[in-house]
Amino acid sequence: QVQLVESGGGFVQPGGSLRLSCVASGGTNYIYSMGWYRQAPGKQRELVATLFRRGTTNYADSVKGRFTISKDGAENTVYLQMNNLNPEDTAVYYCNVRSGTWGTNDYWGQGTQVTVSS
């Protein structure tokens, strides 16, 4: 059973930057992917970025060129560097891990709030 803990959220002005971290524990030997989703007020949860085991990345069109997903060498921590933030980025950001050969086991963190406002 994988447990995820996010950190790094907060309040930032438009144009600012934040770096989110997610630490995975409790059995991470067969991780298929690690990624980030977000849910804004009144909206459905949406994909932000995904990093697959082989190193391939995938980004939502709305964050391409501004956000960067990465992991440490031990593959137990995933980061989301967010630059040039705008108010539309305001949301609760959730870390996601999929395990198993085909990523069928799905785990979620508790979420961290990101608020972008002047």
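Side-chain atoms are counted along with the backbone in the values below, which use heavy atoms only and exclude waters and symmetry mates. It should be emphasised that the depicted structure is a prediction, and the values quoted were computed from it without experimental measurement.
- Looking at every heavy atom in both residues, L4 comes nearest to A24 through CD2-CB, 3.5 Å.
- In this structure, V23 is not a member of the same hydrophobic cluster as Y79, with clusters built from ILVMFWY side-chain heavy atoms closer than 4.5 Å.
- With hydrophobic clusters built from ILVMFWY side chains whose heavy atoms lie under 4.5 angstrom apart, V12 shares a cluster with M82.
- Hydrophobic clustering, with ILVMFWY side chains joined whenever heavy atoms are under 4.5 angstrom apart, keeps L80 apart from Y94.
- Listed by chain and number, the residues in a salt bridge (charged side-chain N to carboxylate O under 4.0 Å, His left out) with R98 are D106 (sequence neighbours excluded).
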Go through Y37 and R45 one step at a time and tell me if the side-chain hydrogen bond (donor to acceptor under 3.5 Å, both in side chains) criterion holds.
-> CA-CA 7 Å; Y37 288 70; R45 188 174 299 185; over 6 Å; no
List the steps, then state whether side chain to side chain contact (heavy atoms under 4.5 Å, CB included) holds for Y107 with S99.
-> CA-CA 8 Å; Y107 303 94; S99 65; 3.4 Å; yes
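- Of the possible donor and acceptor atoms, none in the side chain of T50 sits under 3.5 Å from a partner among the backbone N and O of G35.
- No option in T90, V92, D89 other than D89 meets the side chain to side chain contact (heavy atoms under 4.5 Å, CB included) test with R38.
- Shown here for S118 and P14, the closest heavy-atom pair between the two residues is N-CD, 3.6 Å.
- Residues I69 and M34 have side chains not in contact (no heavy-atom distance under 4.5 Å, counting atoms from C-beta outward).
- Of all heavy-atom pairs between W36 and E6, the closest is CZ3-CG, 3.8 Å.
- Atom CG of L47 and atom OG of S62 lie 9.0 Å apart (nearest 0.5 Å).
- T77 places none of its side-chain heavy atoms less than 4.5 Å from the side chain of K71.
- Y59 has its side chain within reach of T68: a pair of non-hydrogen atoms, C-beta onward, lies under 4.5 Å apart.
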List the steps, then state whether side-chain hydrogen bond (donor to acceptor under 3.5 Å, both in side chains) holds for T115 with Q113.
-> CA-CA 6 Å; T115 302; Q113 177 70 48; 3.3 Å; yes
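- Screening residues 9-19 for side chain to side chain donor-acceptor pair (under 3.5 Å), with sequence neighbours left out, gives S17-N83.
- Ring geometry, Y93 versus F67: the interplanar angle falls from 30° to 60°, so the pair is classed tilted.
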Check against side chain to side chain contact (heavy atoms under 4.5 Å, CB included), F52 and S33 = CA-CA 4 Å; F52 297 92; S33 67; 3.8 Å; yes
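- The side-chain heavy atoms of V78 and S70, taken from C-beta on, include no pair separated by under 4.5 Å.
- For the atom pair L51 CG and N96 CG, the distance stands at 12.0 Å (nearest 0.5 Å).
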